[in-house]
Amino acid sequence: MLKYANLVLLVLLPVSWFAPLLRAGLLPFFDLDAISVMSGLVALWEKDIFLAALVTFFALVAPLAKIAGLALIQFGVTSARYLPVLKAMGRLAMADIFLIALYIVLAKGVGLGRVETGWGLYLFTFCILASLALSHRAERGR
C-alpha cells in the first residue's frame, strides 16, 4: 500500500508545481496574479541564476528524488541503506514551505498588498508532508 501511495506522490508533486500556490496583487482594487512554484522559478531565473538553481534543487529536485528513491526501495530495486539519505533530502525540501509561509505573512503585514492562498499551496504542502510521512513509515518498517 505504501509503495502505491508513493507512486501517486510522483504524479501529484509535479502537478503541484504548476498549480496556483497563491494569488497576489499590489493593491486591493487590482486583479490578483496567480503564482505557482514554476512561475516563481521562472521569474527567479531571470533575476538570479545561482539562487534559482538552489531553489530549483530544494523545491523540485530534492523532493522528487526522495520520492523516486523511496519508490525504488519499496519496489526492491534499491537497498534500504539509502533511507537516511532520502530522509535528509526530505528535510531540505521543507524549506520551500517555510519560505512560502513567510512570504504570505510579510505580504499581508505590509498593508499594500493582497494575498490569497490557492489550492496548489494545499496540494504542494500535502505532497511534501505525505512524502515525509511515507519515508518515516518506511524507516520504521525496515
Side-chain angles (χ1 to χ4, degrees), residues 1-75 77-78 80-142:
M1 176 68 169
L2 288 177
K3 59 186 177 182
Y4 297 111
N6 207 30
L7 290 179
V8 169
L9 279 178
L10 280 173
V11 173
L12 287 180
L13 188 61
V15 169
S16 73
W17 296 341
F18 294 93
L21 296 175
L22 48 98
R23 295 174 47 80
L26 182 58
L27 295 171
F29 49 85
F30 287 117
D31 286 337
L32 298 176
D33 292 326
I35 299 170
S36 68
V37 172
M38 293 308 278
S39 68
L41 283 174
V42 167
L44 194 55
W45 276 101
E46 294 171 358
K47 303 289 183 197
D48 188 342
I49 293 175
F50 179 73
L51 183 59
L54 282 175
V55 171
T56 299
F57 176 78
F58 290 122
L60 305 183
V61 176
L64 195 62
K66 186 189 118 212
I67 294 168
L70 190 56
L72 291 173
I73 290 170
Q74 290 170 335
F75 282 96
V77 177
T78 285
R81 66 186 166 145
Y82 294 108
L83 277 174
V85 173
L86 297 177
K87 187 175 180 181
M89 290 181 84
R91 287 188 176 134
L92 292 174
M94 287 299 292
D96 47 0
I97 293 174
F98 172 75
L99 292 175
I100 292 168
L102 183 62
Y103 172 72
I104 292 170
V105 169
L106 290 174
K108 285 187 173 185
V110 170
L112 296 175
R114 189 174 91 191
V115 177
E116 297 174 358
T117 57
W119 63 271
L121 181 62
Y122 300 109
L123 178 61
F124 187 62
T125 303
F126 167 78
C127 289
I128 298 299
L129 293 176
S131 174
L132 286 173
L134 288 173
S135 63
H136 178 70
R137 292 273 302 173
E139 190 174 287
R140 284 183 51 198
R142 160 174 78 138

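Note that the numbering runs from 1 along the sequence shown for the chain.
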Does any part of the side chain of [Y], heavy atoms only, come nearer than 4.5 Å to the side chain of [X], both counted from C-beta?
X      : Y     : answer
Leu2   : Asn6  : no
Leu83  : Leu70 : yes
Phe124 : Leu13 : yes

Just how far is it from atom [atom1] of [X] to atom [atom2] of [Y], taken to the nearest 0.5 Å?
X      : Y      : atom1 : atom2 : value
Leu121 : Ile35  : CG    : CD1   : 11.5 Å
Ser36  : Leu41  : OG    : CG    : 8.5 Å
Leu21  : Trp119 : CG    : CH2   : 9.5 Å
Ile73  : Arg81  : CD1   : CZ    : 10.0 Å
Ile67  : Ile128 : CD1   : CD1   : 6.5 Å
Leu123 : Leu12  : CG    : CG    : 5.5 Å

I need the minimum non-hydrogen distance between [X] and [Y], along with the two atoms involved.
X     : Y     : answer
Ala34 : Pro20 : CB-CB, 4.2 Å
Gln74 : Lys3  : OE1-CA, 3.0 Å
Ala71 : Leu7  : CB-CD2, 4.2 Å

With sequence neighbours left out, write down each residue that passes side-chain hydrogen bond (donor to acceptor under 3.5 Å, both in side chains) with [X], or none if nothing qualifies.
X      : answer
Tyr122 : Thr117
Thr78  : none
Ser131 : Lys66

For residues 57-65, which side-chain donor-acceptor pairs fall under 3.5 Å, sequence neighbours excluded?
none

**Report entry** Phe126: ring-ring contact (aromatic ring centres under 6.0 Å, His included) partners, not counting sequence neighbours
**Finding:**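 For Phe126, no residue satisfies ring-ring contact (aromatic ring centres under 6.0 Å, His included) once neighbours in sequence are set aside.
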
Query - Listed partners of Tyr4 passing ring-ring contact (aromatic ring centres under 6.0 Å, His included), at least two apart - result: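 Only Phe75 meet the ring-ring contact (aromatic ring centres under 6.0 Å, His included) criterion with Tyr4.
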
